[in-house]
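All remarks here apply to the structure that follows.
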Amino acid sequence: MIKYLLCFILFSVGLFCVLNKRNLIRIIIGLVIMEYAVSLFLVLAGAREIVFSVIIASLVLVFVLTAIALKVHEKYKTFDITQIRRLKG
């Protein structure tokens, strides 16, 4: 039971990073933490067949999000989402 609680805490930390941070890189890190929490939960729940697919999908998502963040940084010269919203263009 304590293992599932730790998975929930890990997921909550990732969700906190996604909702409260204004930096694109920190938001991506929060998403990665959430994905690891889900993968860990699936391993603990016994769904080992699904875990490999989840890990591959999460790696692809991280690469795509990082590429998008780098393109945004090239265009706007910042990772701060509040400044990006103000620039519009």
Side-chain angles (χ1 to χ4, degrees):
M1 185 66 182
I2 190 81
K3 297 173 189 174
Y4 298 115
L5 181 64
L6 292 175
C7 288
F8 176 73
I9 291 170
L10 188 62
F11 187 85
S12 299
V13 168
L15 186 63
F16 177 79
C17 287
V18 169
L19 295 178
N20 287 338
K21 301 298 179 189
R22 304 210 187 281
N23 188 328
L24 280 176
I25 300 300
R26 291 183 181 165
I27 291 172
I28 293 171
I29 290 171
L31 285 171
V32 169
I33 292 171
M34 289 170 54
E35 290 171 354
Y36 286 146
V38 170
S39 297
L40 182 61
F41 176 77
L42 289 174
V43 167
L44 292 174
R48 297 183 192 275
E49 308 83 31
I50 301 172
V51 174
F52 184 70
S53 299
V54 170
I55 290 172
I56 296 298
S58 68
L59 285 174
V60 170
L61 181 66
V62 167
F63 288 134
V64 169
L65 288 176
T66 305
I68 291 172
L70 289 175
K71 287 295 183 184
V72 167
H73 186 266
E74 284 179 9
K75 184 173 183 178
Y76 297 113
K77 305 294 186 232
T78 184
F79 285 118
D80 189 7
I81 60 173
T82 55
Q83 291 179 0
I84 294 169
R85 286 183 188 158
R86 274 188 270 164
L87 294 175
K88 288 185 184 177

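Considering only residues two or more places apart in sequence or on other chains, Leu24 meets the side chain to side chain contact (heavy atoms under 4.5 Å, CB included) condition with Ala69, Val72, Phe79, Ile81, Ile84.
Cys7 approaches Ala37 most closely through the heavy-atom pair O-CB, 3.7 Å.
Listed by first then second residue, pairs satisfying salt bridge (Lys or Arg N to Asp or Glu O under 4.0 Å) with a partner in residues 52-72 read Lys71-Glu74, not counting sequence neighbours.
When the side chains of ILVMFWY residues are joined at heavy-atom separations under 4.5 Å, either directly or via intervening members, Leu19 and Met34 end up in a single hydrophobic cluster. The cluster map of Ile, Leu, Val, Met, Phe, Trp and Tyr, joined by side-chain heavy atoms under 4.5 Å apart, puts Ile25 and Ile68 in the same cluster. Neither Phe41 nor Phe16 shares a network with the other; the hydrophobic side chains, linked directly or stepwise wherever heavy atoms of I, L, V, M, F, W or Y lie under 4.5 Å apart, form separate groups for each. Follow the hydrophobic side-chain contacts under 4.5 Å out from Val43 and you reach Ile55 in the same cluster. In this structure, Ile56 is not a member of the same hydrophobic cluster as Val38, with clusters built from ILVMFWY side-chain heavy atoms closer than 4.5 Å.
To the nearest 0.5 Å, the span separating CD1 on Ile50 from OG on Ser39 amounts to 11.0 Å. The distance from the CG atom of Asp80 to the NE2 atom of His73 is 11.0 Å, given to the nearest 0.5 Å. Between the CZ atom of Phe63 and the OG atom of Ser58 there is a distance of 9.5 Å, given to the nearest 0.5 Å. Note that the CZ atom of Phe8 and the CG atom of Leu15 stand 9.0 Å from one another [nearest 0.5 Å]. Here OG1 of Thr82 is found 10.0 Å from CG of Asn23. Values are rounded to the nearest 0.5 Å. In this structure, CG on Asn20 lies 10.0 Å from CD1 on Ile27, to the nearest 0.5 angstrom.
Side-chain atoms of Tyr4 come within 3.5 Å of backbone N or O of Leu44 as a donor-acceptor pair.
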Next item on the list: List the steps and the verdict of side-chain contact (heavy atoms from CB on, under 4.5 Å) for Glu35 and Val54.
Entry: CA-CA 8 Å; Glu35 290 171 354; Val54 170; over 6 Å; no

